[in-house]
Amino acid sequence: MLSIRVLRLQNGHSVLNNACQLALSRNKSSKRSSKDNVTRQGKIFGSLFGNRLKGSKSHWYPSPDAGTSGNQKSLHALKFGTPHSKTTCSHNNRRMSVLNKLFMTNITDILATGAVADSIVGHGVQISYVKITSDFSRINVYWMGKDGGENQELENTLNRMSGKLQHELSQLHLMGEVPKIKFVRDKTSTGLHQVHEVLSKIDLQHSYSSSNAEVEESDAQSCQTAADEEWPEMRQDFLSFNHSLVMDKILGKMRKSKDAWVNHRQNIAKT
Amino acid sequence: MKRLLNPTRLRLDWLRRSSIDVTTAPHVPVLCDTAIEYLQPVPGGTYFDMTFGAGGHTRRLLEKCPEAKVYALDRDPLAHQLARDMSESEEFKGRLIPLLGKFSDLPKLFKEHGLAKNSVDGMLFDFGCSSMQFDEAVRGFSISRDGPLDMRMDGGHSGGVTAADVLANVEEGDLVKILRMYGEEKAAKKIARGLVDARNALFKIETTKQLADIIENIMDGGTRKDKLRRPAHSATKTFQAIRIFVNNELNEINYGMVLANEILRVDGRLVTITFHSLEDTIVKRHINGNVLAGAANALPLKYSSHYAIDEPDILESLTKKSWKQLHRHVIVPDADEVARNTRSRSAKLRAAVKTN
């Protein structure tokens with residue numbers, strides 16, 4: 001069997017011949033089975049063709065193909081012990097949560113009372129939440145302004161002070177190295193202000209119609225009549241657990257079981 | 001070791017001090033004198049006992065203020081029968097009106113009896129199961145007594161499903177939510193998986209002993225200690241969760257607090273006695289004004305932001321309080337009462353006056 005393989009491989013390249021000879025020499029000395037021989041031959045051929053093993057040394061260095069920002073991000077990820085893949089383990093989730101709370105507390109304190117707060121006093125800046133990225137390379141600070149419109153100057157001011165804020169946070173020693181801080185506008189506040197604008201328009205319309213006295217009196221009477229008979233409606237979802245929904249499921253299952261049993265009895269009666 | 005001896009010493013002290021009156025001591029409800037004291041009944045006033053039970057609070061209220069009128073509401077037909085018997089006796093004739101129904105039946109009962117809104121001088125709530133319900137095995141509330149797994153407070157008066165029906169038909173995810181939210185059970189997923197596996201193995205859970213034994217086998221991590229350092233059964237929280245779900249207790253309590261605001265007149269008094277943290281949380285948030293759209297807010301008030309809304313009247317309506325609390329801290333029973341009645345160990349009394 002082995003001789004047939006040797007005869008077939010003699011027609012190949014000389015490097016392959018040398019590899020086969022090395023494998024055969026090892027085989028003679030160690031006296032292993034043919035299955036292990038095939039495995040070892042496969043490994044040697046794979047390494048010759050350029051396929052790196054899992055424990056290979058080159059895995060730990062960032063690839064030179066990536067760009068500058070990618071390289072920095074990759075180095076940053078390697079520094080904090082996260083793998084290249086996007087998935088994060090539960091340990092990182094807990095650490096992210098703790099760091100979010102710590103940075104939220106300290107960023108709001110520094111912005112409210114620190115030296116960097118002089119340029120943003122009076123603008124109504126409110127930090128809604130702080131979220132550190134999963135590879136710990138950046139801190140996103142979500143903020144809301146006083147008005148719903150775009151305020152590019154305020155955004156530039158906030159981004160300009162992020163370096164000083166980063167320095168202040170590094171003095172507190174919350175992390176070994178505080179990553180860059182980026183201020184992101186929170187889009188939910190825009191919707192809130194739009195709702196307020198619509199409500200203000202409705203109020204204007206209401207002020208026009210309130211000039212009619214007869215309509216006002218009839219409205220007052222109907223309100224009084226409704227107030228005597230109207231009771232507040234009962235809520236079924238304390239602790240965000242909808243009781244009536246689950247009870248409907250249970251009653252539906254009970255009804256199905258009962259109907260199935262009745263049908264079964266009818267079928268027996270027919271037979 | 002010294003702490004374990006404290007309840008025994010308290011109980012022995014109580015027995016030693018009142019050994020003469022042991023046989024003649026009547027049934028005294030939990031925090032009875034304190035509740036009537038905070039209620040301050042006036043002659044000619046109208047009062048609501050929203051949970052009649054065995055009638056101890058109502059009896060004490062009518063003894064203290066003979067000219068008052070008390071409406072006694074209970075969803076348990078046995079308690080309703082006791083109320084009717086008490087109302088027909090010579091001592092309380094004409095002053096006690098029994099009512100049968102849940103808190104959510106109160107608008108209908110108000111219409112039947114011709115009562116108006118904002119006309120009641122005081123309301124008394126005593127939440128949770130009564131001892132009368134726990135001591136009967138047939139009701140299915142007790143862990144230590146074997147009986148059919150029913151757990152309905154109204155005893156099937158208004159239909160409803162039994163606890164056995166719930167366990168036979170509930171989905172596993174919903175059962176996890178029931179045990180987690182209504183029972184505050186840390187091993188909710190484990191117990192829910194065990195109960196669903198028992199159902200899949202064609203094992204019907206029909207008695208309280210079966211359910212207690214299954215949960216005891218699931219939770220083999222040792223016993224739990226209660227507030228008096230006594231060993232508690234590992235199925236206590238599961239029984240509480242299923243009982244709360246079968247009777248829809250928390251939503252009824254929340255609606256009861258909303259109705260109390262509708263029913264009481266200005267300067268009317270509200271007294272509530274709760275027996276576990278979920279009930280006390282609902283009452284506390286209603287009294288503190290942490291209410292959103294008729295339901296107690298899921299978040300404590302300190303996490304709600306007042307800055308996001310810049311309209312002053314909207315902000316004022318959100319933080320408006322209808323109640324003024326009458327005490328600085330929550331009132332709990334003292335050591336003598338706990339030694340006399342160990343079920344009062346988790347009772348908390350809150351009293352408030354309606355302001356607007």
Side-chain angles (χ1 to χ4, degrees), chain A residues 101 104 108 112 123-129 142-148 186 188-193 195-200 202-203 224-258 260-261, chain B residues 102-108 110-111 116-118 159-162 165-171 173-175 177-178 180-182 184 244-256 258-259 261-263 278 281-282 285 291-299 305 307-311 314:
Chain A
K101 288 178 190 290
M104 177 67 172
T108 48
H123 288 279
V125 173
Q126 175 181 351
I127 307 294
S128 41
Y129 60 100
Y142 293 87
W143 62 280
M144 296 192 293
K146 182 185 289 183
D147 50 350
D186 195 0
T188 56
S189 67
T190 307
L192 185 65
H193 287 283
V195 169
H196 277 291
E197 289 175 1
V198 173
L199 285 178
S200 63
I202 292 177
D203 288 339
Q224 286 179 1
T225 309
D228 288 336
E229 301 171 356
E230 189 177 84
W231 291 88
E233 194 176 348
M234 180 177 178
R235 293 279 298 267
Q236 294 280 350
D237 50 351
F238 180 69
L239 290 176
S240 70
F241 176 69
N242 201 322
H243 180 273
S244 57
L245 198 63
V246 179
M247 190 60 80
D248 286 343
K249 284 186 195 175
I250 292 172
L251 291 173
K253 281 192 175 182
M254 290 173 67
R255 184 169 55 247
K256 279 184 185 178
S257 299
K258 190 176 294 184
W261 183 243
Chain B
K102 297 181 282 186
F103 295 161
S104 52
D105 297 330
L106 205 58
K108 178 169 63 68
F110 255 58
K111 194 175 297 182
K117 279 187 177 182
N118 301 317
V161 295
T162 62
D165 292 329
V166 168
L167 288 179
N169 293 287
V170 74
E171 295 178 0
D174 293 331
L175 186 55
K177 284 182 182 177
I178 288 168
R180 182 75 194 168
M181 292 184 173
Y182 285 166
E184 293 172 323
I244 288 173
F245 179 78
V246 166
N247 300 289
N248 198 11
E249 285 184 23
L250 298 189
N251 293 312
E252 291 282 336
I253 290 169
N254 184 73
Y255 193 52
V258 171
L259 289 180
N261 195 20
E262 296 281 330
I263 287 167
L278 290 167
T281 297
I282 298 174
R285 287 183 186 168
V291 176
L292 287 179
N297 199 359
L299 278 179
S305 172
Y307 189 76
I309 297 172
D310 50 5
E311 299 286 335
I314 295 179

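Values reported hereafter were calculated over all heavy atoms of this structure, with side chains retained and with hydrogens, waters and symmetry mates removed. Numbered from 1 within each chain, the chains take letters A, B, ... in sequence-line order.
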Q.
Would the distance check show the side chain of B:N261 and the main-chain N or O of B:V258 forming a donor-acceptor pair, the cut-off being under 3.5 Å?
A. no
Q: Can you tell which part of B:L167 gets under 4.5 Å to a heavy atom of chain A, answering side chain, backbone, both or neither?
A: neither
(Q) Is the ring pair B:F110/A:W231 parallel, tilted or perpendicular, if the boundaries are 30 and 60 degrees? (A) perpendicular
**Q.** chain A contact via B:V170 - which portion, at a heavy-atom distance below 4.5 Å
**A.** both
**Q.** A:L245 versus chain B, the contacting section by heavy-atom distance below 4.5 Å
**A.** neither
Q | Engaged part of B:L259 at the chain A interface, taking heavy atoms whose separation is under 4.5 Å | A | side chain
**Q.** Closest non-hydrogen atom pair between B:L278 and B:Y182, with its separation
**A.** CD1-O, 3.2 Å
Q) B:E262 side chain to B:K117 main-chain N or O, any donor-acceptor pair under 3.5 Å? A) no
